[in-house]
Amino acid sequence: MPARVKYRKMHRGSRAGMATAGHTVAFGEYGLQAMERCWLDAKQIEAARVAINRYMKRRGKMWLRVFPQKSFTKKPLETRMGKGKAPLEGWVAVIKPANVLFEVDGVPEVVARESMRLAATKLPIRTKFISRHHVG
């Protein structure tokens, strides 16, 4: 969740198109790239982050390339239409295909691959393991 935002309630926005920024491995050696579009919840990002750190056992370094800076609202169940926009429900990161979600460095490829596989099971989208040098 961001420290502060100008407006509490946001528009839903467009999720069309491919990621034009943040679609290459920029910090580490290996990365986890999204292949589908979604709204990634703050809880999902945290679960994947914990999975990566647990498997790597504090070896190497990990980068989080996505941040939940979009708020979304939800009406209570069994509420009639109208009566204004609903209260905030949570924070999400808008994910487009080709976005790099996580990066790791300082560990062998087999460790990186397995930690990314564990993280991918926590996410609601299909992902792909990529490396900086050779497309994999």
Side-chain angles (χ1 to χ4, degrees):
M1 167 178 176
R4 50 187 272 266
V5 287
K6 190 166 184 182
Y7 299 109
R8 243 166 15 100
K9 297 177 180 179
M10 299 188 182
H11 291 195
R12 292 178 66 83
S14 158
R15 296 195 301 182
M18 301 286 276
T20 51
H23 64 289
T24 56
V25 179
F27 299 98
E29 190 63 36
Y30 307 105
L32 190 67
Q33 189 176 47
M35 295 175 72
E36 298 173 332
R37 66 189 78 248
C38 75
W39 279 357
L40 261 194
D41 203 317
K43 281 190 176 137
Q44 293 163 339
I45 296 170
E46 178 62 12
R49 185 191 70 79
V50 167
I52 292 173
N53 278 340
R54 280 234 175 98
Y55 189 78
M56 294 204 324
K57 297 193 183 78
R58 295 196 298 284
R59 297 190 307 268
K61 183 162 167 52
M62 186 193 76
W63 288 268
L64 253 169
R65 295 286 307 275
V66 290
F67 183 79
Q69 54 194 0
K70 181 183 189 65
S71 61
F72 72 100
T73 63
K74 192 162 187 251
K75 288 236 186 231
L77 285 173
E78 299 178 9
T79 306
R80 292 185 177 185
M81 292 287 100
K83 304 273 188 286
K85 196 168 164 87
L88 283 194
E89 181 73 14
W91 295 85
V92 291
V94 178
I95 305 299
K96 294 182 174 185
N99 258 129
V100 176
L101 310 174
F102 302 97
E103 291 185 22
V104 295
D105 202 354
V107 290
E109 183 173 347
V110 286
V111 174
R113 204 173 271 277
E114 178 61 14
S115 64
M116 292 300 189
R117 187 191 67 78
L118 291 170
T121 60
K122 310 284 185 201
L123 301 175
I125 51 171
R126 288 185 305 120
T127 55
K128 182 166 82 172
F129 180 83
I130 58 171
S131 83
R132 183 188 282 268
H133 299 302
H134 51 279
V135 178

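Residues that satisfy the side-chain contact (heavy atoms from CB on, under 4.5 Å) test with M35, not counting sequence neighbours, are R126, K128. Listed by chain and residue number, T73, K75 satisfy the side-chain contact (heavy atoms from CB on, under 4.5 Å) test with A86 (two or more places apart in sequence, or in another chain). Under the side-chain contact (heavy atoms from CB on, under 4.5 Å) criterion, V111 pairs with Y55, M56, R59, V107, P108, sequence neighbours left out. For K122, the side-chain contact (heavy atoms from CB on, under 4.5 Å) partners two or more places apart in sequence, or in a different chain, are A47, A48, A51. For Q44, there are no side-chain hydrogen bond (donor to acceptor under 3.5 Å, both in side chains) partners at least two apart in sequence or on another chain. Residues that satisfy the side-chain hydrogen bond (donor to acceptor under 3.5 Å, both in side chains) test with E89, not counting sequence neighbours, are absent from this structure. Take E103 and apply the side-chain hydrogen bond (donor to acceptor under 3.5 Å, both in side chains) test, not counting sequence neighbours, and it matches R65. Judged as a side-chain hydrogen bond (donor to acceptor under 3.5 Å, both in side chains), and not counting sequence neighbours, the contacts of R49 are E46.
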Side-chain donor-acceptor pairs under 3.5 Å in residues 10-20, sequence neighbours left out?
{"residue": "S14", "atom": "OG", "partner": "A16", "partner atom": "N", "Å": "3.2"}

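Counting non-hydrogen atoms of other residues, nucleotides and ligands closer than 6.0 Å to NZ of K74 gives a total of 12 or fewer.
Remark: the backbone N or O of R8 is paired with a side-chain donor or acceptor of S71 at under 3.5 angstrom. R132 places a side-chain N or O within 3.5 Å of a backbone atom of A26 that can act as its donor or acceptor partner. At least one donor-acceptor pair under 3.5 Å links the side chain of Q33 to the backbone N or O of A98.
Of all heavy-atom pairs spanning Y30 and A112, the tightest one is CD1-CB, 3.5 Å. Scanning both residues, T127 and A34, for their nearest heavy atoms gives CG2-CA, 4.3 Å. Contact between I45 and A93 at its shortest, heavy atoms only, is CD1-CB, 4.0 Å.
Atom CD1 of I95 and atom CZ of R37 lie 11.5 Å apart (nearest 0.5 Å). Put simply, CZ on R113 and OG on S131 are 8.0 Å apart, with the number rounded to the nearest 0.5 Å. Taken from CD in E109 to CE in M116, the straight-line distance is 11.0 Å, to the nearest 0.5 Å.
Through chains of ILVMFWY side-chain contacts below 4.5 Å, F72 is grouped with W39, V92, V94. In the hydrophobic clustering (ILVMFWY side chains linked at under 4.5 Å, chained through shared members), W63 is joined by F27.
Looking at heavy atoms from C-beta onward, L40 lies in side-chain contact with P124 at the 4.5 angstrom threshold. In this structure the side chain of L101 reaches within 4.5 angstrom of the side chain of L123, judged on heavy atoms. Residues L32 and I52 are not in side-chain contact: their nearest non-hydrogen atoms beyond the backbone lie 4.5 Å or more apart.
Under the 4.5 Å side-chain heavy-atom criterion for Ile, Leu, Val, Met, Phe, Trp and Tyr, L64 and L118 are members of the same hydrophobic cluster. Under the 4.5 Å side-chain heavy-atom criterion for Ile, Leu, Val, Met, Phe, Trp and Tyr, F67 and W91 are members of distinct hydrophobic clusters.
Pairs engaging residues 78-87 under the salt bridge (charged side-chain N to carboxylate O under 4.0 Å, His left out) rule: none recorded [sequence neighbours left out].
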